[in-house]
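First up is the structure itself, then whatever we jot down about it.
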Number of protein chains: 2
Amino acid sequence: MAIKDRKERDKLDRQKLIIASATKLFLEQGYDKTSIRNIADDIEYSPATIYLYFKEKDEIFFIIHEQGFALLHQEFQPLLEIANSLERLHALGSTYINFALNNPDYYDLMFIMRAPLGQIACHDKWDAGDHAFQFLLNTVQECLDQKLIVPGDVNVIAVTVWSFAHGLVSLHIRERFKSMGIGSDSDGEILKHAMNYFIKNLAH
Amino acid sequence: MAIKDRKERDKLDRQKLIIASATKLFLEQGYDKTSIRNIADDIEYSPATIYLYFKEKDEIFFIIHEQGFALLHQEFQPLLEIANSLERLHALGSTYINFALNNPDYYDLMFIMRAPLGQIACHDKWDAGDHAFQFLLNTVQECLDQKLIVPGDVNVIAVTVWSFAHGLVSLHIRERFKSMGIGSDSDGEILKHAMNYFIKNLAH
DNA sequence: AAATATACTAAACACTGTTCATAAAAATCA
DNA sequence: TGATTTTTATGAACAGTGTTTAGTATATTT
């Protein structure tokens, strides 16, 4: 049954082709402006064909969503080398912020957009996002054990740290700082200062 | 020329009619699911008529956007009574979070969505949003003056506080806590705990 | 070679925001 | 009053969206 194997490989190849095209277009123009017909044109297939490989548009972008988490996970890896846990926590925040600024579309899909989670997100409890959060949890726990940060519940602290970092970059990405008085000139600079102030308070 | 006056009143009335319908539908079903045709159906006019009173969909929702800020401003008013500035800062945070949880669609439009700002946001430097941020700035400054919080640049601290609060509620609204391990049961509870931890660090 | 299973697509459905020529109504002028 | 101009409203269309379906080629199996 080698033919059946090849057929399955072909099927996977065409799925990969769709994802590759979708990823390319998505990174060029974002979610909303990447239509099924755009992807179909790009891979030179009919729009209907795409629906033979994916149930809906969101299913395609959930895979890209996971790609984003893989990328973030990758950028977190070098941080494991940092011995001092508080320093590692600080670096974790900086890396998170840089990831968001360098990959705003990925970040949007992963943390801001409503779209590509529905029932999908629930199907796998231990997805890539959980891994990243676990890394944060572990680091916070270590900081607590070594009494490097203000004591408190590890979950609460992790949520606090994540919320701060997310708020910072998502307000920046959605240009809400601009629309206020602040950050008109030195855009990225104030983010770093806020990060430093936040960590200083945490470590106090 | 009383006729011309009446005509202008009529015109404003029809604008208000459109806004009222748009607001109603928006609060029922959100921005994306409120179409021009929905509004037209509701007010029993043709879709094209709406474009005689508003240049585009976003112009309608920018007014709703401002309504949201007026509402937030209103909820901030009682806080002026609070004498202790740190207490006021804490209450400011809680009020902000409660506003977001009680009016998720308004909050979305005001702080999360990409849509109804473009050039529009820039036209009036001193809009409702600036007022709210100014309130935060003043409160932070007072806390600094009274040495109630960790010293630092007032702008940086205000951004830090706002980012934290925004991150908290926007991750909640977009259900990113659920998709991780945390907050599956006691949803709103962890927000309050995080808020308390954040303020405790700030005041330390 | 005939029957079956697979892969693909043109066309349509039900939407979206937006524009434009045309028709109806109201106000102004002769 | 009747004719003219201005204001107001709309049907129909444009170009786009995600998605479904019926029908057509192609490839595999019998």
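Order of the sequence lines fixes the chain letters, A, B, ..., with proteins taken first and strands second; residue numbering starts at 1 for each chain.
Test Val159(B), Thr160(B), Val161(B) against Tyr197(A) for side chain to side chain contact (heavy atoms under 4.5 Å, CB included) and you get one pass: Thr160(B). For the side chain to side chain contact (heavy atoms under 4.5 Å, CB included) with Gln77(B), the qualifying choice from Glu75(B), His73(B), Glu81(B) is His73(B), the only one to do so.
Taking the side chain as every heavy atom from C-beta outward, Phe26(A) and Ser21(A) never approach each other to under 4.5 Å. The shortest distance between side-chain heavy atoms of Leu148(A) and Ser85(A) falls below 4.5 Å.
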N/O to N/O distances under 3.5 Å, protein versus nucleotides 20-25 of chain C:
none

Between the protein and nucleotides 15-17 of chain C, list the N/O to N/O atom pairs that are separated by less than 3.5 angstrom.
unit_1  : atom_1 : unit_2   : atom_2 : d
dT16(C) : OP1    : Ser35(B) : OG     : 2.8
dG17(C) : OP1    : Ile36(B) : N      : 3.3
dG17(C) : OP1    : Lys57(B) : NZ     : 3.2
dG17(C) : OP2    : Ile36(B) : N      : 3.0
dG17(C) : N7     : Arg37(B) : NH1    : 2.7
dG17(C) : O6     : Arg37(B) : NH2    : 2.9

Set out, line by line, the N/O atom pairs under 3.5 Å between protein and nucleotides 22-24 of chain D.
none

Does Asp108(B) form a salt bridge (charged side-chain N to carboxylate O under 4.0 Å, His left out) with Arg114(A)? I'd like the steps, not just the answer. CA-CA 11 Å; Asp108(B) 208 319; Arg114(A) 192 167 253 141; 3.3 Å; yes
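In this structure, a donor-acceptor pair under 3.5 Å is absent between the side chains of Asn155(A) and His193(B). Gln141(A) and Asp145(A) form a side-chain donor-acceptor contact under 3.5 Å, judged by distance and modelled atom types alone. Neither side chain, Tyr53(B) nor Tyr45(B), offers a donor N or O lying under 3.5 Å from an acceptor on the other. In this structure, a donor-acceptor pair under 3.5 Å is present between the side chains of Tyr106(B) and Gln67(B). Checking Tyr51(B) against Glu56(B) by side-chain atom types alone, no donor-acceptor pair falls below 3.5 Å.
Residue contacts for Phe54(A): at a heavy-atom cut-off of 4.0 Å it reaches no nucleic acid atom on any strand shown.
Scored by the side-chain hydrogen bond (donor to acceptor under 3.5 Å, both in side chains) test, Thr95(B) finds no partners at all (sequence neighbours excluded).
Less than 4.0 Å separates DNA chain D from at least one heavy atom of each of the following residues of residues 39-47 of chain B: Tyr45(B), Ser46(B). Near DNA chain C, defined here as any heavy-atom distance below 4.0 Å, there are no residues from residues 17-24 of chain A.
Counting to the nearest Å, the C1' atom of dT20(D) and the CD1 atom of Ile50(A) are 14 Å from each other. Rounding to whole angstrom units, CZ of residue Arg14(B) and P of dA26(C) are separated by 11 Å. The distance between atom OH of Tyr53(B) and atom P of dT10(D), rounded to the nearest whole Å, is 9 Å. For the pair Leu52(A) CG and dT19(D) P, the computed distance is 14 Å after rounding to whole Å.
For the residue pair Asp105(A) and Leu27(A), the shortest heavy atom distance occurs at OD2-O, 3.9 Å. Across Arg88(A) and Ile82(A), no two heavy atoms sit closer than the pair NH1-O, 2.6 Å.
Ring geometry for Phe111(A) versus Trp162(A): interplanar angle over 60°, hence perpendicular rather than tilted (30 to 60°). Ring orientation note: the planes of Phe62(A) and His65(A) are close to parallel, at an angle under 30° on the 30°/60° scale.
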